[in-house]
There are 2 protein chains.
Amino acid sequence: MLTNRLTRLTTALADQALDAVVIVPGANLRYLLNVSFHPSKRLTLALFSAAGGRPRIVLPALELGGVRAQLGDIAHFYPWTDAAGPTTELLEAVGQVFRGRRARIAVEHTVMRVMELRALENAGRQLGVELDIVDATPLLAQMRMVKDADEQAAMAEAARIVEQALRNTIAQIKPGVTERQLSHICTQEIMAAGAEGESFENLIASGPNSANPHHNVSDRAFQPGDLIVLDCGAVYRGYASDITRTVALAEPTPEARHIYQTVLAANTAARNFVRPGVTGEQIDRAARNVIAAAGYGDFFLHRTGHGLGLEINPCHEPPDLVAGSNVPFAVGTTFTIEPGIYIEGVGGVRIEDDVVITEAGCQSFTTFDRDLMIVPV
Amino acid sequence: MLTNRLTRLTTALADQALDAVVIVPGANLRYLLNVSFHPSKRLTLALFSAAGGRPRIVLPALELGGVRAQLGDIAHFYPWTDAAGPTTELLEAVGQVFRGRRARIAVEHTVMRVMELRALENAGRQLGVELDIVDATPLLAQMRMVKDADEQAAMAEAARIVEQALRNTIAQIKPGVTERQLSHICTQEIMAAGAEGESFENLIASGPNSANPHHNVSDRAFQPGDLIVLDCGAVYRGYASDITRTVALAEPTPEARHIYQTVLAANTAARNFVRPGVTGEQIDRAARNVIAAAGYGDFFLHRTGHGLGLEINPCHEPPDLVAGSNVPFAVGTTFTIEPGIYIEGVGGVRIEDDVVITEAGCQSFTTFDRDLMIVPV
């Protein structure tokens, strides 16, 4: 499987007239080499040449043992110590990959930091190689967007885990419990259900706070009449789930109910629209039309969804479900569908599922009930 | 307090002949404005001009509500929607700050991604401003290195929380429990003890795995005779603690005991050496000399410690305690002291405390017993 991915990468590099791609620790490296690193300020880079062959990994010496245990001899290693610094090893590795006077290389614009970019630029200068540096994101996104059966199985399990946790979390909602308390409960339930970790810091937004789609969890205590948005996810074998449900604590207002039904209809319309060949813009429009027709168009503040897989925190992975996303989706593409309405003074509702495109249309990994759940007081 | 920090920033910019500093979400923005953002792929930048005045924040429209609730009118906002994209708002904000034909600006090399750098470069080109972009890290590190009383109080509480959690975690060690199980327990205990979150993904390394200082948690079950390294931390009011203790499950080998006593002596020597005016290199040497004298110099694979405060994951904050760190530390500087010895086939030991420099020398926020704890079988 990994060899297959490396072969596809080499082909893609050649297709795009790239000499190499330089990848930092994160989802892409995990995808290509099945290796994970500790996040670190210490320079860590993997160089993949269009000429093929083993990738070259520049890494802190103290990571070498763990990484070699994962990779064996699939890569060349260039370990550097805190005392020596990374420059010598970086020049050695880069010199093996950039052999001409010019090199066209791709780096991950949404992941690589300025420090790694500057280190590469300096290495190019010292070696007398003129570097043309472009964004590797489209190339890697294209490779990762379609998930194989093994990846889909991991995503289905990540969805199952978070649903179990969400059920147990909702069961603990009552007046007086705070957002922060429920957030802690949610974290514990996700871990107890078998997750490797949370996909992201869970979001609990209640009452007036629910009107903010990216609310930071607060010490507000739940009150009867609240809408409560719960947005959380679990990681399983590196793959993420991401679910949102909105519940009411005691009977909500008629307007809140109306908003809920509108969002649910938008979610349903979008899922029903999914099939091989649709674009992100089309799915987004399917959801947006429902909400606009109900008169809430100005209150649907974000895109309808985002890609899902290895990468979710801090960055979602492609594709976006938004205007301008015009590449047709293939069978095996995975993403969220999460329309929402947010009105200050009234509250907010979001309903989010994780789906995959199948030959037949759309399969949802998320199976949690979508009807409005009213938690009794 | 915040006004004071902004005033110090403006002065520092002028001192270094900088026209502005551009900061992305993270520890520096939290320090300067007491604001936190959701991590995101969406462009978010705060521009601080050397001319003073309110900072200008370019941000996704869906973050505006939450951020304005935190900041009020302390900043100018330039919100952009997914449909419109960030370019217009970015040009508007940048145009207000870079008014000449040249601008010398600083960005965070260890935090800012290539995408934000490219966005700034493009804005400069479109506005006809030639940008000279330098690293903001030293300037901001200098500002943040010395902690005030309020910050130290938060760090002391973060240390107390993780010590309570660590005590409860160690109590659950017994043969057959796996690293991963204990890691989950540790996470739950940290949250239960009152943390806002974990400082970082906790590290549990047992038996042969303890010989790897950056081991990834595994499914290995504990066995009598194991050394078990536990490295974890809690966040309180944004400030992190970071503690390591190494325990033995049943009686360890004589060599393991000898290693433990050597690391403890190195930890003690380093703490005793700390006083106003020492450098990171000197403290590092104080620990390293003890380990080298015992014949284990080649097995102390990392620096003696790192700065601690708002920033720990994925990047430690300055200062480093390592050769070449030659700036004298002032009263109020906070960092870890964490010597270790790691020998394949034998095992590893690390003992880590969080300390602050006081007029009198060194105060340790960490008070957890440092003597070898033997968990009975």
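- A:Val111 and B:Arg113 make their closest contact through O-CG, 4.1 Å (heavy atoms, listed as atom of the first residue, atom of the second, distance).
- With a 6.0 Å radius and a threshold of 12 heavy atoms from other residues, nucleotides or ligands, B:Glu344 has its CD atom at or below the threshold.
- Neither the backbone nor the side chain of B:Ala69 comes within less than 4.5 Å of any heavy atom in chain A.
- Of all residues in residues 181-191 of chain A, those placing a non-hydrogen atom less than 4.5 angstrom from a non-hydrogen atom of chain B are A:His184, A:Gln188, A:Met191.
- Partners of B:Phe335 according to the ring pair (Phe, Tyr, Trp, His ring centres under 6.0 Å) rule, which considers only residues two or more places apart in sequence or in another chain, are B:Phe329.
- Proximity to chain B is absent for every atom of A:Thr137, based on heavy atoms less than 4.5 angstrom apart.
- With sequence neighbours excluded, the residues forming a side chain to side chain donor-acceptor pair (under 3.5 Å) with A:His302 are A:Tyr342, listed by chain and number.
- Between B:Glu196 and A:Val217 there is no side-chain heavy-atom pair separated by less than 4.5 Å.
- A:Glu116 contributes atom CD, which lies 9.5 Å from atom OG1 of B:Thr110 (distance to the nearest 0.5 angstrom).
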inquiry  = Go through it in stages, so that I can follow the logic: the residues are A:Gln70 and B:Asn216, the test is side chain to side chain contact (heavy atoms under 4.5 Å, CB included), and I'd like the CA-CA distance, side-chain angles, deciding distance and then a yes or no.
reply    = CA-CA 10 Å; A:Gln70 295 178 69; B:Asn216 284 305; 3.6 Å; yes
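- With chain B as the partner, the residue from A:Val322, A:Leu301, A:Leu203, A:Asn212 showing the most heavy-atom pairs under 4.5 Å is A:Asn212.
- Proximity to chain A is limited to the side chain of B:Leu117, based on heavy atoms less than 4.5 angstrom apart.
- The side-chain heavy atoms of B:Ile133 and A:Arg118, taken from C-beta on, include a pair separated by under 4.5 Å.
- In this structure, the ring pair (Phe, Tyr, Trp, His ring centres under 6.0 Å) partners of B:Tyr296, at least two apart in sequence or on a different chain, are B:His258.
- Residue contact with chain B, scored on non-hydrogen atoms closer than 4.5 Å, is absent for A:Ala211.
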